[in-house]
Amino acid sequence: MKQVTRILGAAAASAAGLAALCAAPPAAAAPPAAVAPPDGRPAALTTPAAPAASAVLTAPARVPARAGDRLTVTVRHAGAGADGTYVLFCHPARGAHPDPAGACGALDRGTRWGRDAFAPVPEGAMCTMQYGGPATARVTGTWAGRPVDAVFRRSDGCEIERWDRMVPLLPQPGSPVRP
C-alpha cells in the first residue's frame, strides 16, 4: 500500500510539474535546480519559472492566438462583384473580406494536425468530369505557422469540392457579392 501511495504521489507531482511547464512563460535561460522534498524522496529537476512541487493542475484559461495568420486571396473570372484581391487576418478575424469571421471559421474547421488545409487534389484521383466554370483563385500567405501558396479551379468534380470546402474564404459560385 505504501508503494502505491508513493507512486501516486510521484505521478501527481509529475502531472503538476508538466502543467506548470505548459502554463508558465519560458525561463530566461535559468539552469534547472534540484528540489528535494522533505520526505526523503529523490530530488526532482525543476526551473524557477515552474516549481513542480507547488503547482496546481489547472486548464489554461484560453488558447493563445496564433500570430501570423494572414492570407492574400486573388479571385478571377468568378463573376460580377466577386473578382478581386483582398487580405484576410485571423485570430482575431479582420480584413477586407465581407465575412472575415466566416472565412476564418471555415479555415479553422478544415485545419487538422499533420494535414495541409490547402493541399491540392492528389494526382491520380478519380474525379467526375464536370465543369464548374472559369473561376480561379490563388491564396498566398501564412496559415497555422506554415507558408501557403495554393491555386483553386473549378475544372472537375474534385476541384469543385476543394473550392466548396473553402467557401466563404472563396466566393460561392453565382454569388453577386465579393468573396
Side-chain angles (χ1 to χ4, degrees), residues 14-26 49-50 55-179:
S14 295
L18 181 59
L21 283 173
C22 292
V56 176
L57 185 60
T58 60
R62 69 177 189 82
V63 176
R66 292 191 310 242
D69 286 340
R70 178 188 190 277
L71 298 171
T72 300
V73 181
T74 302
V75 179
R76 298 196 193 295
H77 310 294
D83 290 357
T85 298
Y86 58 93
V87 176
L88 174 71
F89 297 89
C90 295
H91 308 107
R94 62 195 187 286
H97 197 286
D99 185 10
C104 293
L107 289 168
D108 283 336
R109 285 187 299 278
T111 302
R112 301 284 181 268
W113 177 256
R115 292 192 157 201
D116 182 1
F118 298 92
V121 173
E123 277 200 41
M126 301 290 281
C127 304
T128 58
M129 295 178 67
Q130 66 188 80
Y131 182 64
T136 62
R138 182 169 184 197
V139 181
T140 59
T142 304
W143 179 255
R146 303 184 123 196
V148 174
D149 189 353
V151 175
F152 293 83
R153 297 177 189 82
R154 299 183 59 80
S155 57
D156 62 36
C158 296
E159 293 287 353
I160 292 169
E161 191 273 333
R162 181 173 173 250
W163 180 294
D164 289 348
R165 275 196 323 257
M166 291 294 170
V167 171
L169 175 68
L170 303 179
Q172 181 70 40
S175 171
V177 181
R178 187 178 158 193

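No hydrogens, no waters, no symmetry mates; every other heavy atom, side chains included, goes into these values.
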Inset, instruction - Any salt bridge (Lys or Arg N to Asp or Glu O under 4.0 Å) involving residues 131-142? Give me the pairs, sequence neighbours left out, ordered by first then second residue. - result: Arg138-Asp149
Test salt bridge (Lys or Arg N to Asp or Glu O under 4.0 Å) applied to [X] - qualifying residues, sequence neighbours left out:
X	result
Arg162	Glu159
Asp116	none
Arg146	none
Arg165	Glu161

Inset, instruction - May I have the step-by-step check of side-chain contact (heavy atoms from CB on, under 4.5 Å) for Tyr86 and Thr72, ending in yes or no? - result: CA-CA 6 Å; Tyr86 58 93; Thr72 300; over 6 Å; no
Legend entry - Heavy-atom side-chain proximity of Phe89 to Cys104 below 4.5 angstrom: no
Inset, instruction - With side-chain contact (heavy atoms from CB on, under 4.5 Å) as the test, would you mind laying out the steps for Phe118 and Thr140 before giving the verdict? - result: CA-CA 10 Å; Phe118 298 92; Thr140 59; over 6 Å; no
Inset, instruction - Starting at CG of Leu88, measure out to CG of Asp69 and round the result to the nearest 0.5 Å. - result: 9.0 Å
Inset, instruction - Calculate, to the nearest 0.5 Å, the distance between atoms NE2 and CG belonging to His97 and Leu169 respectively. - result: 5.5 Å
Inset, instruction - Using the test side-chain contact (heavy atoms from CB on, under 4.5 Å), find all partners of Ala137 that sit at least two apart in sequence or belong to another chain. - result: Val75, Phe152, Trp163, Leu170
Residues 125-133 side chain polar contacts: donor-acceptor under 3.5 Å, at least two apart:
residue	atom	partner	partner atom	Å
Thr128	OG1	Gln130	OE1	2.8
Tyr131	OH	Gly133	O	3.4

What closest approach, in Å, do [X] and [Y] show between heavy atoms, and which atom pair accounts for it?
X	Y	result
Pro100	Arg94	CB-N, 3.7 Å
Arg76	Asp83	C-OD1, 3.4 Å
Val148	Thr142	CG2-C, 4.4 Å
Ala103	Pro168	N-CG, 3.6 Å

Inset, instruction - Please identify each residue that fulfils side-chain hydrogen bond (donor to acceptor under 3.5 Å, both in side chains) with Thr74, with sequence neighbours left out. - result: Thr85
Legend entry - CA sep, side-chain torsions, deciding dist, call: His91, Asp108, side-chain contact (heavy atoms from CB on, under 4.5 Å): CA-CA 10 Å; His91 308 107; Asp108 283 336; 3.2 Å; yes
